[in-house]
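Computed from a predicted structure; not experimentally measured.
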Amino acid sequence: MKTRIFKLTVLMLLGTHSVVLATSFVSGQPDSLNTLSAPADTTLRSVSDTLSFYDRYPFIRIVPRNSELAPVTDEEFFNTSARVIFPVNKFVLPKNDSLLRLLSGTIFPRINSDSLRLKKLMFRGAASPEGPLRWNRTLGNNRMNALYRFVRQHISTASADTLSQRDVDVEDYRTLCIMMRQAGDRDYGLVQALCDVYLAKDDLPTLKRRLMQVHQGRLWRRLLRTYYPKLRSARFVMILERPEPSMPLQYIEASGLPYVLPSLPSVRPIPVPTLVHRRELLSVKTNVLLDLAYMPGYNRWCPIPNVAIEYYPLHGHFTFGASFDCPWWQDYEGHKYFQVRNYQLESRYYFRSGDIRRNVPGQGAAFRGFYVQAYAHVALYGIMFDADNGWMGEGLGGGVGAGYVLPLSRDGHWRLEFQAQAGYFITGYDPFQYENPVNPNYRDHLYYYKWTKKPALFKKRQYRFSWLGPTRVGITLSYDLLYRRVAKKGVSFRNWEIMEAYRAHEPNKPHEAHDSERRAAQ
């Protein structure tokens with residue numbers, strides 16, 4: 001027994017990796033220290049060796065114990081922080097990331113073995129400026145939390161929660177300016193000036209709009225290509241306190257001690273915020289050719305106001321629509337009138353199916369490409385080109401048409417349509433004129449039907465006209481106006497929403513909103 005105590009004392013004096021362990025006491029069972037064995041590496045690391053190891057990593061700062069921390073500027077944080085880059089619209093830590101492998105495999109085990117005391121953890125999550133502001137805020141927060149959970153899972157400092165500073169840059173314009181200045185970008189001064197004005201007002205929507213307008217959008221496209229991918233990130237800096245020189249860094253190992261497996265935390269559901277694209281429900285349109293119409297006999301631009309809507313179901317090839325044309329121009333002095341009310345109903349068959357099971361929302365317009373249609377319409381009109389020639393009547397018709405829908409935007413919510421219709425139209429009408437047709441010398445400045453026979457024989461709409469052939473051509477601009485909500489019933493003007501899908505979550509595993517869950521929610 002004395003020999004064993006002597007050997008243990010000598011090992012401690014020589015600075016080897018001898019062990020000290022706080023033992024567990026079990027009722028009725030004494031402490032058991034039958035054998036103490038040192039690790040394979042029995043060379044005690046000195047304080048200088050410890051510090052030199054961390055000098056290779058700028059995101060780890062070693063400060064004296066109980067020292068005051070100086071404020072860290074945005075540029076210092078950008079230059080020294082460890083950074084994890086995320087794909088677009090993702091907030092789950094990328095698999096096989098080189099930084100994460102370095103942290104979990106080398107750096108964090110070394111920190112735990114050196115028993116360094118944590119002073120502060122600084123985290124910052126960010127999103128690039130494109131995309132909706134609310135979703136960017138969610139992205140930045142989730143990216144920061146994903147990195148925070150990863151760090152906390154691998155370090156053994158119990159007080160890390162109280163020593164953590166966690167920030168979110170909703171749209172990281174500050175880092176954008178830092179990168180542009182360090183790169184010597186020619187547009188840095190302009191971008192910095194805009195940021196100074198609108199960040200001071202916390203007016204991110206206006207700042208984004210102004211940046212998108214610079215150089216007719218060329219600046220925004222260059223920023224999107226050059227800088228924005230680096231902004232989709234989470235960063236952190238770790239501040240540790242310098243170890244005491246007089247205290248050797250020791251490893252602890254014991255054998256023969258009772259060991260109790262700690263209970264694992266129970267699996268609990270947590271909300272996972274997910275950006276969900278909504279399916280288009282209703283679009284609004286206008287026929288550009290009618291908006292630019294020129295009427296013979298008027299000798300001037302005479303636009304025909306028109307509006308149309310199209311309803312998109314969730315399944316199949318068919319859509320349903322209605323349109324309304326309403327020119328109502330009049331010139332009393334010139335006796336010129338162009339007043340029409342035309343109401344049309346139609347149904348389209350798209351050769352490409354718009355079924356939601358084939359066309360996932362957010363990947364472009366569901367109904368596009370070639371289509372054929374059937375339509376029916378009724379019209380009321382009063383048209384006059386001069387004092388002697390006017391017509392008033394009603395008509396109805398129907399026919400078929402064909403067209404092509406071309407998406408204009410990447411998300412497909414703006415579209416251009418080319419269409420032509422042909423059919424049969426029949427109308428009953430009466431001609432009319434200015435002043436009395438029976439006695440031209442009698443001038444009462446009124447309008448009369450062109451009827452010179454006995455008044456008792458007059459009946460309205462005695463004249464008939466029919467037409468078989470082309471009835472309409474169009475170049476139509478279309479925009480999706482209403483979208484189906486996903487989380488609850490109803491419609492919205494917004495084409496996306498943020499949902500919280502609940503799933504089982506274990507603290508040691510980062511969560512992710514899977515595409516299958518997203519499709520199930522839709």
Min side-chain heavy-atom separation [X]-[Y] under 4.5 Å:
| X | Y | result |
| --- | --- | --- |
| R134 | W496 | yes |
| L103 | H154 | no |
| K208 | L204 | no |
| D172 | R174 | yes |
| R472 | N342 | yes |
| R124 | V168 | no |
| L231 | M179 | yes |
| L194 | L207 | yes |

Full working for side-chain contact (heavy atoms from CB on, under 4.5 Å) between V84 and R235: CA-CA 6 Å; V84 177; R235 306 167 185 265; over 6 Å; no
Rounded to the nearest 0.5 Å, how far apart are [atom1] of [X] and [atom2] of [Y]?
| X | Y | atom1 | atom2 | result |
| --- | --- | --- | --- | --- |
| L223 | E130 | CG | CD | 10.5 Å |
| L482 | Y312 | CG | OH | 11.5 Å |
| F86 | N142 | CZ | CG | 9.5 Å |
| M238 | I62 | CE | CD1 | 9.5 Å |
| S347 | E310 | OG | CD | 9.0 Å |
| L481 | S492 | CG | OG | 10.0 Å |

So, [X] and [Y], do they make that salt bridge, N to O below 4.0 Å?
| X | Y | result |
| --- | --- | --- |
| R415 | E417 | no |
| E497 | R485 | no |
| R61 | E241 | no |
| E171 | R137 | no |

Return the minimal non-hydrogen interatomic distance between [X] and [Y], and the atom names on each side.
| X | Y | value |
| --- | --- | --- |
| N136 | S128 | ND2-O, 3.5 Å |
| I85 | S233 | CD1-CB, 3.8 Å |
| P305 | P327 | CD-CA, 3.8 Å |
| W414 | Y479 | CE2-CD1, 3.2 Å |
| C177 | Y188 | O-CE1, 3.4 Å |
| I107 | I60 | CG2-CD1, 3.4 Å |

- request: Check whether the ring centres of H377 and F425 lie less than 6.0 Å apart, and answer yes or no.
  value: yes
field: Y228 ring center within less than 6.0 Å of W220 ring center
entry: yes
Would you say the side chains of [X] and [Y] form a donor-acceptor pair under 3.5 Å?
| X | Y | value |
| --- | --- | --- |
| D167 | Q165 | yes |
| Y311 | T319 | no |
| T73 | E75 | no |
| Q344 | Q421 | yes |
| N306 | D325 | no |

field: Y343/R341 under side-chain hydrogen bond (donor to acceptor under 3.5 Å, both in side chains): CA gap, chis, key distance, verdict
entry: CA-CA 7 Å; Y343 306 86; R341 295 288 186 268; 4.9 Å; no
Without swapping roles, check the side chain of [X] against the backbone of [Y] for a donor-acceptor pair under 3.5 Å.
| X | Y | result |
| --- | --- | --- |
| N287 | L477 | no |
| K285 | L416 | no |
| D187 | L190 | no |
| R484 | E280 | yes |
| S81 | R83 | no |
| R278 | R494 | yes |
| T286 | V288 | no |
| R143 | A126 | yes |
| N359 | S353 | yes |
| N141 | L139 | no |

query: Considering residues, nucleotides and ligands other than R358, do more than 12 of their heavy atoms fall under 6.0 Å from its CZ?
result: no
query: For R210, does the CZ atom sit with more than 12 other heavy atoms under 6.0 Å from it, leaving out its own atoms?
result: no
Aromatic plane relationship, [Y] with [X] - under 30° parallel, 30 to 60° tilted, over 60° perpendicular:
| X | Y | result |
| --- | --- | --- |
| F236 | F108 | tilted |
| Y349 | F351 | perpendicular |
| W135 | F91 | perpendicular |

message: As a test of understanding, state which of Y350, F318, F320 forms a ring pair (Phe, Tyr, Trp, His ring centres under 6.0 Å) with F367.
response: Y350
field: Worked verdict on R218 versus R221 for side-chain contact (heavy atoms from CB on, under 4.5 Å)
entry: CA-CA 5 Å; R218 292 192 300 273; R221 291 190 292 271; 3.2 Å; yes
query: Given the rule in the side-chain contact (heavy atoms from CB on, under 4.5 Å) test, do Q339 and Y381 qualify, once you have shown the distances and angles that lead to the verdict?
result: CA-CA 6 Å; Q339 300 174 335; Y381 59 89; over 6 Å; no
- request: Could you tell me which residues satisfy side chain to side chain donor-acceptor pair (under 3.5 Å) with H413, sequence neighbours excluded, listed by chain and number?
  value: D480, Y483, N495
task: Using the test side chain to side chain donor-acceptor pair (under 3.5 Å), find all partners of S323 that sit at least two apart in sequence or belong to another chain.
output: none
message: Ring of Y371, cation from R348 - is the NZ or CZ under 6.0 Å from the centre and inside 45° of the axis?
response: yes
message: Using the side chain to side chain contact (heavy atoms under 4.5 Å, CB included) definition, which of the options V400, L345, T471 pairs with Y375?
response: T471
message: Please determine whether side-chain contact (heavy atoms from CB on, under 4.5 Å) holds for the pair R209 and D203, giving the CA-CA distance in whole Å, both sets of side-chain angles, and the decisive distance to 0.1 Å.
response: CA-CA 10 Å; R209 186 167 60 252; D203 191 357; 6.0 Å; no
